[in-house]
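Scroll down for the structure; my scribbles are underneath it.
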Amino acid sequence: MQPSSRTLAPILVLFPTLKPPHRTLLFHQICVLILTFLAYASFHASRKPQSIVKSVLGPNVQSNLTESRSSLTQVSLDSNATDSGWEPFDGPQGTHRLGELDLAFLASYAVGMYFAGHIGDRMDLRLFLVFGMMGSGLLTIVFGLGYWFDVHLLGYFVGVQIACGLFQSIGWPCVVAVVGNWFGKAKRGLILGVWNSHTSIGNIIGSVVASGMLEYGWGWSFVLPGVLVILIGVLIFLCLAVAPEDLGFESPGKEFEMNVGVADIETSEKLESEEAGLLHTNNVKDVESSDAIGFLEAWRLPGVAPFAFCLFFSKLVAYTFLYWLPFYIRHTAVAGVHLSHKTAGILSTIFDIGGVLGGILAGFVSDKIEARAVTSIGFLFLSMPALVLYRAYGSISMLANVSLMFVSGMLVNGPYSLITTAVAADLGTQSTVRGNSRALATVTAIIDGTGSVGAALGPLLAGYISTRGWNSVFFMLIISILFAAVFLIRLARTEIKEKLSERKWFAYGIVAQ
């Protein structure tokens with residue numbers, strides 16, 4: 001989108017002193033990071049209540065409380081009022097229905113993601129983002145109203161989730177495209193690793209708010225996060241600047257725009273060593289910087305498909321934890337004691353706290369070694385034994401549970417965070433599209449949209465497989481991680497060969513940079 005077709009945020013119009021030369025590029029970059037961070041954190045905060053209320057809506061835990069009579073007494077005091085379940089999720093097939101509810105949201109989210117990125121490249125990203133936030137907030141509130149109106153129709157909840165998923169899908173391509181407009185590639189992995197902690201921070205806020213409101217009725221667990229999204233949406237409408245050009249700054253992306261043809265790609269790769277391993281190709285159609293890239297064209301960009309399918313399995317695992325971890329904790333005794341709904345919800349935030357560190361660490365490491373695929377594979381392989389240990393020993397004590405959950409969150413969310421931010425931004429602004437910023441939202445949507453298909457599948461499978469035992473669920477998660485790593489093996493090998501040939505992985509080489 002050209003700057004002339006965008007409208008400037010009202011705050012920037014009303015207060016000219018917020019524009020250059022009164023304010024620097026750095027000032028506005030920080031503002032963009034904060035605003036987009038708040039926007040997507042609020043999106044995630046509004047998604048989290050569904051996982052928190054699962055143990056309230058679904059089958060009660062009586063069948064799981066035979067291990068300790070003393071713990072049965074303690075839990076019944078905490079949750080007599082909420083363990084009766086909520087029709088139609090409280091029957092023998094309750095976990096199946098809950099899994100189908102997850103599928104309704106995440107499937108529409110995945111479908112919407114592809115279209116949202118394509119549309120986002122062709123209209124004002126600020127207005128499109130606000131539209132998505134307002135719709136998401138209202139529909140989250142509508143879901144919660146089912147509590148006060150005593151709604152027990154599966155179709156009502158499924159319909160609301162489908163519509164909400166479509167609105168939520170607008171968020172990610174928009175915020176990544178805006179951040180990509182404002183930041184060049186220098187330290188992109190670290191900057192976006194820190195920035196992408198909005199996912200985990202949003203999950204933590206949503207978990208704490210939803211858990212705290214359960215005692216007043218599960219409807220409040222949806223209403224408050226819904227209001228939060230709407231309020232942040234108003235802030236975005238008033239303040240967000242979509243691109244530096246809108247304020248008269250030069251785009252940071254110009255440092256790596258290259259007016260070259262297909263035959264010159266190898267030369268540009270020498271200047272952009274980070275992309276050399278990931279993005280090598282001899283046959284990519286040049287895209288005019290004034291045009292938005294086509295959907296199929298974006299799929300053919302080098303590196304897009306492998307990372308997209310890797311994210312399919314990575315998000316399958318991450319979203320299974322996102323939607324089922326509080327339920328798992330509630331139904332699994334820790335040191336012989338079953339926790340209350342509120343305690344289980346709050347304890348699940350440890351996974352997200354680990355995810356914050358994991359995203360930052362993955363971004364930092366990938367910047368240091370200049371190898372996104374190698375970093376992702378390292379985290380993926382380490383996460384497999386971490387999940388085995390969490391399942392096997394997490395119930396021994398509260399300390400073991402918290403420690404292993406933290407490590408699992410760090411390793412699971414590391415590659416997920418890296419791929420959805422730095423990798424997507426790299427692929428959307430690589431030399432083969434000649435610095436075309438309008439390709440960024442489309443590439444981001446393809447990668448995260450494919451990942452969202454996996455995200456939809458994971459919670460659904462967990463809902464069905466959990467009836468056969470949680471060991472089966474964890475086995476599914478470990479196999480998914482293995483597949484995610486397999487898709488990156490070829491890219492990782494290319495990266496390793498490239499870095500070794502350039503002698504960049506020797507100690508003195510890393511320090512020198």
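The figures that follow rest on heavy atoms only: side chains count, while hydrogens, waters and symmetry mates do not.
No side-chain heavy atom of Y40 sits less than 4.5 Å from a side-chain heavy atom of W195. Between Q29 and P244, the closest side-chain pair of non-hydrogen atoms is not below 4.5 Å. For the pair D367/R372, a side-chain contact is recorded, criterion being any heavy-atom separation below 4.5 Å from C-beta on. Contact check for L325 versus M405: side-chain heavy atoms found under the 4.5 Å cut-off. Residues C310 and L380 meet the side-chain proximity criterion, which asks for heavy atoms closer than 4.5 Å. Residues V158 and E100 have side chains not in contact (no heavy-atom distance under 4.5 Å, counting atoms from C-beta outward). Within the 4.5 Å cutoff, the side chain of H198 has no heavy atoms near those of the F43 side chain. In this structure, the side chains of T140 and V229 stay at 4.5 Å or more apart for every pair of heavy atoms.
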Would you sort out whether F406 and F351 count as a ring-ring contact (aromatic ring centres under 6.0 Å, His included), showing the intermediate values? CA-CA 5 Å; F406 179 87; F351 185 87; 9.9 Å; no

Could you walk me through whether F313 and I481 satisfy the side chain to side chain contact (heavy atoms under 4.5 Å, CB included) test, starting with their C-alpha distance in whole Å, then the side-chain angles of each, then the deciding distance to 0.1 Å, before giving a yes or no? CA-CA 6 Å; F313 290 101; I481 292 172; over 6 Å; no

Side chain to side chain contact (heavy atoms under 4.5 Å, CB included), that's the test. Do F131 and I170 meet it? Break it down for me. CA-CA 8 Å; F131 174 69; I170 294 172; 3.7 Å; yes

Chi angles and distances behind the side chain to side chain contact (heavy atoms under 4.5 Å, CB included) call for I232, M133: CA-CA 8 Å; I232 299 297; M133 297 182 76; 3.6 Å; yes

Residue pair L125, R6: steps toward the side chain to side chain contact (heavy atoms under 4.5 Å, CB included) verdict: CA-CA 8 Å; L125 287 171; R6 286 193 292 260; 5.9 Å; no

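To the nearest 0.5 Å, the span separating CG on N203 from OG on S197 amounts to 11.0 Å. Put simply, CG on L101 and CG on L57 are 8.5 Å apart, with the number rounded to the nearest 0.5 Å. A distance of 13.5 Å separates CD in Q161 from OH in Y109, rounded to the nearest 0.5 Å. One finds the CZ atom of R47 at 8.0 Å from the OG1 atom of T199 (value rounded to the nearest 0.5 Å). The NE2 atom of H331 sits 12.0 Å away from atom CD1 of I329, with the distance rounded to the nearest 0.5 Å. How far CG of N413 is from CG of D352: 7.0 Å, rounded to the nearest 0.5 Å.
Across all their heavy atoms, S480 and L316 have their closest contact at OG-CD2, 3.4 Å. I52 and S211 get closest at one heavy-atom pair: CG2-OG, 3.6 Å. Considering all non-hydrogen atoms of both residues, I350 and V402 come closest at CG2-O, 3.4 Å. When every heavy atom of A485 is checked against every heavy atom of F381, the shortest pair comes out as CB-CZ, 4.0 Å. Taking both residues in full, the closest heavy atoms of S169 and A116 are given as O-CB, 3.5 Å, listed atom of the first, atom of the second, then distance. Here the closest non-hydrogen pair linking S376 and L488 is CB-CD1, 3.6 Å.
The backbone N or O of R490 lies less than 3.5 Å from a partner atom in the side chain of T494, making a donor-acceptor pair. A side-chain donor-acceptor contact under 3.5 Å links N401 to the backbone of G394. With hydrogens and angles ignored, the 3.5 Å screen pairs no side-chain donor or acceptor of S403 with any backbone N or O of A400. Between the side chain of K497 and the main chain of A492, no donor-acceptor pair closer than 3.5 Å is present.
Salt bridge present: D102 and K54 bring a charged side-chain N and a carboxylate O closer than 4.0 Å.
Summarising the local packing, OH of Y464 is surrounded by more than 12 heavy atoms from other residues, nucleotides or ligands at distances under 6.0 Å. No more than 12 heavy atoms of other residues, nucleotides or ligands lie within 6.0 Å of CZ in F475, so this atom counts as exposed by the packing criterion.
Side-chain contact of W324 with S51: a donor-acceptor pair under 3.5 Å is absent, judged by distance alone. Under the 3.5 Å distance criterion, with hydrogens and angles disregarded, no donor-acceptor pair is assigned to the side chains of T467 and Q93.
Between Y328 and F321, the distance separating the two ring centers is not shorter than 6.0 angstrom. F379 and Y416 have their aromatic ring centers separated by at least 6.0 angstrom. Remark: aromatic rings of F312 and F309 are distant, center separation not under 6.0 Å.
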